[in-house]
Enquirer: 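Dumping the structure here so I can ask a few things about it.
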Amino acid sequence: MQHVTAAEHTPHRAAGETIGVLGGMSWHSTIEYYRAINERVAAERGGHASARLLLSSLDFAEIRDCQLREDWAAAGEILAREAAALERAGAGSIAIGTNLMHKVAPAVEASIGVPLVHIGDAVADAAGRADARTLGIVGTQWVMAEPFYADRLAQHGIAVVVPVAGAQAELDRIIFDELTQGVVTDASRAVYRDAIAALVAEGAEAIVLACTEIMLLIGADDSAVPLIDSCEAHAGALARIALGELAADGLAPAARISAAHG
């Protein structure tokens, strides 16, 4: 006779809405999203519970080609098309499972009628819980050098500091030549440690690992201030939505929610 645990006798509690995830950029980080979301849901609901997810796993080679050509319009079209497909399949909200591709978040938002759960809002929420109002950003060169990421954080009253241009180039190289291909080295860890220390010296009260693969390389012992793992923050927010604990637009800047409902 098969043994049935007490947890399996517990009445099933209804989950929140189905979430659509744009993943595959790279698949290494998508694995971490899937794991983190479902670990939180399983811990909260018990038994065999897991999140209702729809995943579109894109071919990163295609997206990377758009990045290298800086053809953000083409990249935006790809993500927007996939997001709309996820909505048609029943997703009640959409998440882009990568920091950099939030550069085309406006194109994705314009293609769907459900909320986009923005990674910047999840990072801002984590910063608030860490009582940090100035964040150091390490990630791809576009995330560090261009305004789309910092501007989203600014809507939450958060200032940012970023590495100098030369350091940005090397941090970016490590991400694309190594981390997105599953390569982790001590030499690259040292580069990231030095960049983080420089940001702390400039006043960063916490450091955002603003590329979802960086957590493969860097941990809490590598920084004198708290680290905000953008993947963990974003996946945590998505788990709360899946559990029905958080509205899909619950972390968005108040001005954006008012405009959407106005």
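What you are looking at is a predicted structure, and each value in this text was computed from that prediction instead of being measured. Just the heavy atoms: all of them, side chains too, but no hydrogens, waters or symmetry mates, feed the values below.
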Enquirer: Among Ile196, Val138, Asp229, find the one that has a side-chain contact (heavy atoms from CB on, under 4.5 Å) with Ile218.
Expert: Ile196
Enquirer: Distance-only, no hydrogens or angles: does the Glu82 side chain make a donor-acceptor pair with backbone N or O of Leu22 under 3.5 Å?
Expert: no
Enquirer: Could you tell me whether the side chain of Glu17 and the main chain of Gly244 form a donor-acceptor pair under 3.5 Å?
Expert: no
Enquirer: Let's go through Arg152 and Gln155 carefully: what are the C-alpha distance in whole Å and the side-chain angles of both, what is the deciding distance for side-chain hydrogen bond (donor to acceptor under 3.5 Å, both in side chains) to 0.1 Å, and is it a yes or a no?
Expert: CA-CA 5 Å; Arg152 187 71 179 208; Gln155 292 182 47; 5.0 Å; no
Enquirer: Sub-3.5 Å donor-acceptor pair from the side chain of Asp71 to the main-chain atoms of Ala74, do we have one?
Expert: yes
Enquirer: Could you pull out the closest heavy-atom pair between Ser57 and Gly24, with the gap in Å?
Expert: OG-CA, 3.7 Å
Enquirer: Looking at side-chain heavy atoms only, is the closest gap between Leu217 and Leu209 below 4.5 Å?
Expert: no
Enquirer: Is any side-chain heavy atom of Leu79 less than 4.5 Å from a side-chain heavy atom of Met25?
Expert: yes
Enquirer: Give the cluster check for Val183 versus Tyr192: same hydrophobic cluster or not, with ILVMFWY residues linked at side-chain heavy-atom distances below 4.5 Å.
Expert: no
Enquirer: Would you check if the side chain of Asp222 reaches a backbone N or O of Gly219 as a donor-acceptor pair within less than 3.5 Å?
Expert: yes
Enquirer: Within the side chain of Thr134, is there an N or O that forms a donor-acceptor pair under 3.5 Å with the backbone of Ala159?
Expert: no
Enquirer: Heavy-atom distance under 4.5 Å between the side chains of Asp125 and Arg240, does that happen here?
Expert: yes
Enquirer: Has His234 got a side-chain atom pairing as donor or acceptor with Val117's backbone, closer than 3.5 angstrom?
Expert: yes
Enquirer: Check the hydrophobic clustering (I, L, V, M, F, W, Y; side-chain heavy atoms under 4.5 Å; chains of links allowed) and say if Val114 and Ile96 are grouped together.
Expert: yes
Enquirer: Which pair of non-hydrogen atoms, one from Ile207 and one from Val200, has the smallest distance, and what is that distance?
Expert: CD1-CG2, 4.3 Å
Enquirer: Give a yes or no answer on whether the side chain of His156 reaches the backbone of Ile158 with a donor-acceptor pair at less than 3.5 Å.
Expert: no
Enquirer: What's the separation between atom CD1 in Ile63 and atom OG in Ser26, rounded to the nearest 0.5 Å?
Expert: 12.5 Å
Enquirer: State whether the side chain of Glu205 and the backbone N or O of Arg133 hold a donor-acceptor pair below 3.5 Å, judged by distance alone.
Expert: yes
Enquirer: If you compare all heavy atoms of Trp142 against all heavy atoms of Gln67, which two are closest, and at what distance to 0.1 Å?
Expert: CZ2-O, 3.4 Å
Enquirer: Quick check: closest heavy atoms across Thr18 and Gly90, and the distance to 0.1 Å?
Expert: CB-O, 3.9 Å
Enquirer: Determine whether Cys211 and Leu100 make a side-chain contact, defined as any pair of heavy atoms from C-beta on separated by less than 4.5 Å.
Expert: no
Enquirer: Does Glu232, at its CD atom, have more than 12 non-hydrogen atoms belonging to other residues, nucleotides or ligands within less than 6.0 Å?
Expert: no
Enquirer: Report yes or no: does Asn38 contribute a side-chain atom to a donor-acceptor pair with the main-chain N or O of Tyr34 at less than 3.5 Å?
Expert: yes
Enquirer: Side-chain contact, heavy-atom cut-off 4.5 Å: Glu70 with Trp72?
Expert: yes
Enquirer: Atom CG in Leu86, atom CG in Leu55: separation rounded to 0.5 Å?
Expert: 8.0 Å
Enquirer: Mind checking whether Ile175 and Val184 sit in one hydrophobic cluster, side chains of I, L, V, M, F, W, Y counted as touching below 4.5 Å?
Expert: yes
Enquirer: Which heavy atom of Ser50 sits nearest to which heavy atom of Val41, and what is that distance?
Expert: C-CG1, 3.7 Å
Enquirer: Could you walk me through whether Tyr149 and His102 pass the side-chain hydrogen bond (donor to acceptor under 3.5 Å, both in side chains) test, one step at a time?
Expert: CA-CA 8 Å; Tyr149 202 87; His102 279 76; over 6 Å; no
Enquirer: Going only through I, L, V, M, F, W and Y residues with side-chain contacts under 4.5 Å, is there a path from Met215 to Val191?
Expert: yes
Enquirer: Does Ala210 offer a backbone N or O that forms a donor-acceptor pair with the side chain of Asn99 under 3.5 Å?
Expert: yes
